[in-house]
Amino acid sequence: MRIEYAQCIQPVYLPREDMNALGVKYRRIPVMSIGRDIYCDTRLILQKLEEKFPSGALGASQPDQKAIEKLLESWTIDGGIFVRASQAIPAEMPLLNDPRFVKDREDYTGRSWDKENIKAMRPEALTHIRDAFVFLETGLLADGRQWVLKTEKPSLADIEAVWPFHWLLGLRGALAPSVISKEKFPKVYAWIDRFSKAVSTAKLAAPEPTTLKGAEAVEYVMQANFSEPEGDVDASDPLGLKKGQDVESWPIDSGFRHHDRGLLVSLTSSEVVLASQSKVRGKEIRIHHPRWNYRTRVVSAGEAKL
Ligand SMILES: N[C@@H](CCC(=O)N[C@@H](CS)C(=O)NCC(=O)O)C(=O)O
């Protein structure tokens with residue numbers, strides 16, 4: 001499936017004026033918009049892409065394979081692989097000399113990014129990442145399969161599993177060769193390499209994305225319609241929220257200091273949708289968050305507007 005899209009590249013750290021103009025407080029990237037529906041979090045973005053473009057879907061169709069896909073998603077995100085990967089960044093990384101970057105990442109993670117702390121955390125992080133390489137080499141990929149679910153092409157299960165390792169391999173100095181190397185983990189390295197090549201080939205065949213400046217991207221979103229019908233609030237949801245209530249929602253694993261606020265449009269087991277006003281045209285946008293790792297609560301009367 002060749003989905004046409006436009007991209008708007010964001011600065012490495014806040015402020016992200018384009019997001020401010022859109023009226024989105026969520027601070028992490030990536031974020032996807034389809035019309036005036038704004039989707040935060042890769043988890044939700046992938047789910048929406050799978051649903052909206054079924055002819056190009058990459059996800060498994062068999063329940064047991066779907067379960068493996070989901071477990072891999074949970075392994076890399078909730079199982080700590082991404083956090084450990086980010087703790088393995090080398091203290092020599094040039095961006096760590098920029099105090100604004102350091103402060104920004106402290107806001108994002110809630111932990112110190114002081115170089116001494118980065119250095120101190122790295123050995124333990126590498127120990128965990130090595131454990132993950134062992135799991136892949138001697139478990140998931142041990143029988144010499146090309147792709148995680150023995151598919152002919154990479155599937156969503158490969159994407160869910162590979163991305164932190166793919167990122168680490170591209171980050172100079174992150175993986176200490178005495179601990180993690182091609183020689184020690186040949187199957188994992190070959191899988192990551194195959195994945196990189198498959199992505200390059202797919203990119204060549206895909207339409208070139210249009211790159212928009214911030215103001216153009218905001219304009220593009222604002223002149224569009226919503227891409228989804230409004231949806232409802234599940235009356236049996238444990239939070240007991242009602243449609244139209246003034247609520248806030250935010251991630252609780254990182255970026256937790258940035259809360260989106262709006263009127264509750266829809267609440268399902270997998271997503272919460274808020275209606276918020278854009279700063280640019282005062283038009284309504286709908287901000288979608290997943291439920292997992294997110295908190296949603298009513299804003300009490302008298303609380304300061306965020
Ligand atoms: N669970 C979120 C995590 C997103 C996330 O942490 N993204 C990183 C970049 S890979 C980020 O936003 N870092 C801080 C920043 O760039 O502001 C997702 O999968 O989208």
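Indexing begins at 1, ligand by ligand and atom by atom, following the structure's order.
Glu284 is linked by a side chain to side chain donor-acceptor pair (under 3.5 Å) to nothing, counting only residues two or more places apart in sequence or in another chain.
For Lys283, the NZ atom counts as densely surrounded, since its 6.0 Å shell holds more than 12 non-hydrogen atoms of other residues, nucleotides or ligands.
A donor and an acceptor atom, one from each side chain of Asp107 and His258, are located under 3.5 Å apart. Looking at Tyr13 and Arg105, their side chains never bring a donor and an acceptor atom within 3.5 Å of each other.
Each of Arg297, Arg261, Arg295 was checked for a side-chain hydrogen bond (donor to acceptor under 3.5 Å, both in side chains) with Glu248, and the lone residue meeting it is Arg297.
Classification of Asp37 and Lys48 as a salt-bridged pair fails, no side-chain N sitting under 4.0 Å from a carboxylate O.
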For a distance cut-off of 3.5 Å, show me each N or O of ligand 1 paired with any protein N or O, plus the separation.
from	atom 1	to	atom 2	distance (Å)
ligand 1	1 (N)	Asp41	OD1	3.3
ligand 1	1 (N)	Asp41	OD2	3.3
ligand 1	6 (O)	Tyr108	OH	2.6
ligand 1	7 (N)	Ile29	O	2.8
ligand 1	12 (O)	Ile29	N	3.0
ligand 1	16 (O)	Arg16	NH2	2.9
ligand 1	16 (O)	Arg105	NH2	3.4
ligand 1	17 (O)	Arg16	NH1	2.9
ligand 1	17 (O)	Arg16	NH2	3.1
ligand 1	17 (O)	Arg27	O	3.4
ligand 1	17 (O)	Arg27	NH2	2.5
ligand 1	19 (O)	Asp41	OD1	3.4
ligand 1	19 (O)	Thr42	OG1	3.0
ligand 1	20 (O)	Thr42	N	2.8
ligand 1	20 (O)	Thr42	OG1	2.6

